[in-house]
Visitor: 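If you scroll down you'll find the structure; I have some questions about it.
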Amino acid sequence: MTQGDVNPATTDYLDSSSRLNIAQNRPWLGTEPPYNVGPFYETTIFPMSTLASTKTAISPRRDEDFPEWYQQVIRAAELAEPSDVRGCMVIRPWGYGIWENMQRQLDAMFRATGHRNAYFPLFIPLSYFAKEAEHVEGFAKECAVVTHTRLELEADGRLKPGSPLSEPLVVRPTSETIIGASYAKWVQSYRDLPILLNQWANVVRWEMRPRLFLRTTEFLWQEGHTVHETEEQARAEATLILGIYERFAREHLALPVFTGTKSESEKFPGAVQTLTLEAMVQDRKAIQAGTSHFLGQNFAKASGIQFQNREGKQEFGWTTSWGMTTRMVGTVVMMHSDDDGLVLPPRIAPTQIVILPITPKEDTRVKVLEACDALALELRGKRFADAPLEVEVDRRDLGGGVKNWEWIKKGVPLRLEIGPRDLEKNSAAVSRRDQPVKAKESMKIDEFAARAPEILASIQDSLHARAKNFRDANTQVISSKKDFYDFFTPKNSAKPEIHGGFALAHWNGSREVEEQIKNDLKVTIRVIPVDDSAEPGQCIFTGEPSARRVIWAKSY
RNA sequence: CGGGCUGUGGCUCAGCUUGGUAGAGCGCCUGGUUCGGGACCAGGAGGCCGUGGGUUCAAAUCCCACCAGCCCGACCA
């Protein structure tokens, strides 16, 4: 959107009684509708004092019990909660808001590279699904299968499934086969190519051990599916998407990632090559943050995607598929949060700035609230990155610092306290979520209004820098089997401390070695770098020749 | 799907061994006192003790089955 466009965030179209209703019942919106867009500010560093905080809002702390800490952060931030349906979660507004921001931003990147959205069925006929052998083998065990329609009331008063389906339907764990069936109809000539589609959808994978966001039975994602005329074009597409994912992770989510290919044993079932992004979260384990697959002609053959090429001969299409999921929300949580709760990169925070009116005395109350509303209004007219600022005034009548702590635990990037004494000096107390929670800086309100976008940019940058430092500090070049085993063995085996990280080590390329290491240490090859200066060496496990070092880690 | 543990107000749990009218803390609601701050005082709401069956005069408590969750193994975005 450019300046002068209609801003969808305004409420100009409402009549006065509707607006009064909003002012009375949705006080966080303020009493005035937000206005139009303002200028964009360049990034600069924003120095701030650091104070140590003692008591933590989340217990246990990260170093005490990382998995439990993760759950508590999600609960305290009201991102999501387990539902009564096994393995499924309820995504609450704050968590869904993060996902919506991810969707909007990633979708724009797909669109800008020529992709368009479409939607394909949730149900896949079993016969479609069965067409690609490796694919079936990879997903069979985690498929939910619909076998009946209609419920019938039994004599005992219970509802039971009624009519069996002639052909069972698989609830999509991924959509290669059902989309392939459509592509087979659409593609006849090389002139029909490429097809570049994406869909935003839910999928179901019946996992044994679910964890909020990281591994749930039903999850949300986007899946892109493309068909190309040549192998070269399809490989280029898979690489293009990997690049988009990497940039999205880095610039939008402040996640530093390693990119490259998966080993044979870790790649997508049915793919020729799987490209991946691997991030390191704060317990030093790896998490796969997105994948892009070159599928060769495997799925084209299975689905019958054929076209007449430029020489007039029938040829199978070259396909790709690629996806990113709600797991990203969990990854962001584990990457940036601290012992006081969630920490959100400003670009995906549903609310970027929260203004907390301090109203100790009745006689100054109205003035303070007016000043807060006026500032919110002004801020909403400004932009950060590609969108208007999201600002909330928390006018709830809650005592103590309860409100402040709620926002800390929700990870809002900037908190602003404005009270009567600030107002006399026309200033506000500014707290950044990337700083210790007690840290405050007094700043003129006008100055803050002018600099808010640049401060948000600075937080975005500092989160990325912090994450990158952490990752680099825990990534080691390892040159002997003993060092490797030491690196991945906790000192306290009864209650393992946070240990290990990413190990860069030479490997002979064999599946047997991978298997052995996985059995011994639960460590796997996360990614085989592609852009790295591939210096040859010797496999640290067998002494055999190795083309390059690969990245090993324990993983989610 | 195998092995171990656990199901009691929204949350964390006590009570169960030795059956006898359901408890605490936190949270929530109301009132008050505080308040540039996760405060305090008083009052209050909220539970057929996972579900079903059995034993018994009587079951949160004993027995059986089932269901769900957690941890450990095989799988995964």
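In what follows, chains are A, B, ... by sequence order, proteins preceding strands, each numbered from 1.
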Visitor: Return the value, rounded to whole Å, for the distance between atom CE of M324(A) and atom C1' of rA77(B).
Guide: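 Distance check: M324(A) CE to rA77(B) C1' gives 10 Å.
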Visitor: Considering every strand shown, what is the Watson-Crick or G-U wobble mate of rG44(B) when both distances are under 3.5 Å?
Guide: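 Because both required distances fall under 3.5 Å, rG44(B) counts as paired with rC28(B).
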Visitor: I want to verify a distance call: between rG36(B), rC75(B), rA77(B), whose nearest atom is closest to the R421(A) side chain?
Guide: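 Given the options rG36(B), rC75(B), rA77(B), the side chain of R421(A) is closest to rG36(B).
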Visitor: Partner lookup for rU33(B), please. Criteria are Watson-Crick or G-U wobble with both distances under 3.5 angstrom; report none if nothing qualifies.
Guide: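 Base partner found: rA39(B).
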Visitor: Does any nucleotide pair with rC5(B) by Watson-Crick or G-U wobble geometry, both distances under 3.5 Å, and what is it?
Guide: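 Its partner is rG69(B).
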Visitor: Decide if atom CZ of R104(A) counts as having more than 12 heavy atoms of other residues, nucleotides or ligands within a radius under 6.0 Å.
Guide: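 Result for CZ/R104(A): enclosed.
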Visitor: Determine the Euclidean distance between corresponding C1' atoms of rU18(B) and rA60(B); express it in Å to zero decimal places.
Guide: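 So the two C1' atoms sit 16 Å from each other.
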Visitor: So what does G419(A) touch, heavy atoms closer than 4.0 Å: a base, only the sugar-phosphate, or nothing?
Guide: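 Contact class for G419(A): base.
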Visitor: Which label fits W322(A) and H115(A): parallel for a plane angle under 30°, tilted from 30 to 60°, or perpendicular past 60°?
Guide: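 W322(A) vs H115(A) ring planes: perpendicular.
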Visitor: rG27(B) P sits how many Å from E81(A) CD, rounded?
Guide: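 In whole Å, rG27(B) P and E81(A) CD are 19 Å from each other.
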Visitor: Mind checking whether H135(A) and F129(A) have parallel, tilted or perpendicular rings, split at 30° and 60°?
Guide: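 Taking F129(A) first and then H135(A), their aromatic rings sit tilted (interplane angle of 30° to 60°).
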Visitor: From the options rG36(B), rA77(B), rG38(B), select the nucleotide whose nearest atom is closest to the side chain of W405(A).
Guide: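 Within the option list, the nearest is rG38(B).
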Visitor: Whole angstroms only, please: what is the CD-C1' distance between E278(A) and rA77(B)?
Guide: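 From E278(A) CD to rA77(B) C1': 11 Å.
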Visitor: Counting any heavy atom closer than 4.0 Å, what does K409(A) reach on the DNA or RNA strands: base, sugar-phosphate only, or nothing?
Guide: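 Counting heavy atoms under 4.0 Å across all strands, the contact made by K409(A) includes a base.
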Visitor: What is the base-pairing partner of rU17(B), counting Watson-Crick and G-U wobble geometry with both distances under 3.5 Å?
Guide: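 Base-paired to nothing in any strand shown.
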Visitor: Looking only at the side chain of R327(A) (C-beta and beyond, no hydrogens), which of the listed nucleotides rC75(B), rG36(B), rA77(B) gets closest?
Guide: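 Nearest listed nucleotide: rA77(B).
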Visitor: For the residue pair W221(A) and F219(A), categorise the inter-ring angle as parallel (less than 30°), tilted (30 to 60°) or perpendicular (more than 60°).
Guide: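 W221(A) vs F219(A) ring planes: perpendicular.
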Visitor: Whole angstrom is fine here: how far is it from CG in L356(A) over to C1' in rC35(B)?
Guide: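 Checked: the CG to C1' distance equals 14 Å.
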Visitor: Where do N or O atoms of nucleotides 66-70 of chain B meet protein N or O atoms at under 3.5 Å, pair by pair?
Guide:
from    : atom 1 : to     : atom 2 : distance (Å)
rG69(B) : OP2    : R86(A) : NH1    : 3.3

Visitor: Hey, does L214(A) reach any base, or is it just sugar-phosphate, or nothing, if we go heavy atoms under 4.0 Å?
Guide: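 The residue L214(A) makes base contact.
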Visitor: Could you please name the partner base of rC75(B), counting Watson-Crick and G-U wobble pairs only when both distances are under 3.5 Å?
Guide: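 The base-pairing partner of rC75(B), which may sit in any strand shown, does not exist here.
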Visitor: Within this structure, what is the CZ-to-P distance between R215(A) and rA74(B), rounded to whole angstrom?
Guide: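 Interatomic distance, CZ of R215(A) to P of rA74(B): 12 Å.
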Visitor: Assign T216(A) to base, sugar-phosphate, or nothing according to its heavy-atom contacts below 4.0 angstrom with the strands shown.
Guide: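 Base: the residue T216(A), judged by heavy atoms under 4.0 Å, touches a nucleobase.
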Visitor: Calculate the interatomic distance between D394(A) atom CG and rG36(B) atom C1'; express it in whole Å.
Guide: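 Interatomic distance, CG of D394(A) to C1' of rG36(B): 15 Å.
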Visitor: Taking atom P in both rG50(B) and rC13(B), what distance in whole Å separates the two?
Guide: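 Between the two P atoms, the distance is 15 Å.
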Visitor: Tell me the side-chain hydrogen bond (donor to acceptor under 3.5 Å, both in side chains) pairs involving residues 251-260 of chain A, sequence neighbours left out?
Guide: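 Counting only pairs at least two positions apart or across chains, the side-chain hydrogen bond (donor to acceptor under 3.5 Å, both in side chains) contacts touching residues 251-260 of chain A are Q105(A)-H252(A), R247(A)-E251(A).
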Visitor: Which sits closer to the 5' end of RNA chain B, P357(A) or K522(A), going by the nucleotide each is nearest to?
Guide: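 Upstream on the strand: P357(A).
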Visitor: Just how far, in rounded Å, is P of rC1(B) from CH2 of W206(A)?
Guide: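 Nearest whole value for this atom pair: 11 Å.
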Visitor: Rounded to whole angstrom, note down the P distance from rG23(B) over to rC66(B).
Guide: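 It comes out at 34 Å once rounded to the nearest Å.
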Visitor: With a 4.0 Å cut-off on heavy atoms, is R75(A) in touch with a base, just the backbone sugar-phosphate, or nothing at all?
Guide: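 Result for R75(A) = sugar-phosphate.
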Visitor: Step through the shown structure and confirm whether more than 12 heavy atoms of other residues, nucleotides or ligands are within 6.0 Å of NZ on K367(A).
Guide: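 No, because the 6.0 Å sphere around NZ of K367(A) holds 12 heavy atoms or fewer from other groups.
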Visitor: Given the structure, check if the side chain of R205(A) and the base of rC76(B) hold any donor-acceptor pair shorter than 3.5 Å.
Guide: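 Flag unset: no donor-acceptor pair detected.
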Visitor: What distance, rounded to whole Å, do you find between the two C1' atoms, one in rA22(B) and one in rU61(B)?
Guide: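 After rounding to an integer number of Å, I get 12 Å for this pair.
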Visitor: Run the salt-bridge test on E64(A) and R61(A) with the 4.0 Å N-O cut-off and return the result as yes or no.
Guide: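 Here E64(A) pairs with R61(A) in a salt bridge, since their nearest N and O are under 4.0 Å apart.
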Visitor: Rounding to an integer number of Å, can you tell me how far H293(A) NE2 sits from rC76(B) P?
Guide: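 My rounded result for the distance is 12 Å.
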Visitor: Using the P atom in both, what is the distance from rC75(B) to rU51(B), to the nearest Å?
Guide: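 Looking at atom P only, rC75(B) and rU51(B) are 37 Å apart.
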Visitor: Which residues pass the side-chain contact (heavy atoms from CB on, under 4.5 Å) test with I358(A), sequence neighbours left out?
Guide: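 Listed in chain order: P360(A), E417(A).
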Visitor: Considering only side-chain heavy atoms of V402(A), which listed nucleotide, rA77(B), rG38(B), rG36(B), is closest?
Guide: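 Ranking rA77(B), rG38(B), rG36(B) by closest atom to the V402(A) side chain puts rG38(B) first.
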Visitor: Tell which nucleotide pairs with rU55(B), taking only Watson-Crick or G-U wobble pairs whose two distances are both under 3.5 angstrom.
Guide: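 The base-pairing partner of rU55(B), which may sit in any strand shown, does not exist here.
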Visitor: Could you check which nucleotide pairs with rA60(B) in any of the strands shown, counting Watson-Crick or G-U wobble with both distances under 3.5 Å?
Guide: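 Base-paired to nothing in any strand shown.
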Visitor: Work out how far the C1' atom of rC11(B) is from that of rG69(B), and round it to whole angstrom.
Guide: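 Those two atoms are separated by 16 Å.
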Visitor: Under a 3.5 Å cut-off for both contacts, is rA22(B) paired Watson-Crick or G-U wobble with anything, and if yes, with which nucleotide?
Guide: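 The base-pairing partner of rA22(B), which may sit in any strand shown, does not exist here.
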Visitor: Any salt bridge linking R75(A) with E78(A)? Criterion: basic side-chain nitrogen under 4.0 Å from a carboxylate oxygen.
Guide: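 Salt bridge flag = no for E78(A) with R75(A).
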Visitor: Considering only atom P, compute the distance from rC64(B) to rU55(B) and round it to an integer number of Å.
Guide: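 Taking atom P in both rC64(B) and rU55(B), they lie 15 Å apart.
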Visitor: Could you tell me whether P82(A) contacts a base, only the sugar-phosphate backbone, or nothing, with contacts defined as non-hydrogen atoms closer than 4.0 Å?
Guide: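 P82(A): no heavy atom of the nucleic acid under 4.0 Å.
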Visitor: Look at the aromatic rings of W94(A) and W407(A) and report parallel, tilted or perpendicular, splitting at 30° and 60°.
Guide: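 W94(A) and W407(A): perpendicular rings.
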Visitor: When you match N519(A) and F213(A) each to their closest nucleotide on RNA chain B, which lands nearer the 5' end?
Guide: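 Per heavy-atom nearest nucleotide, the more 5' residue is N519(A).
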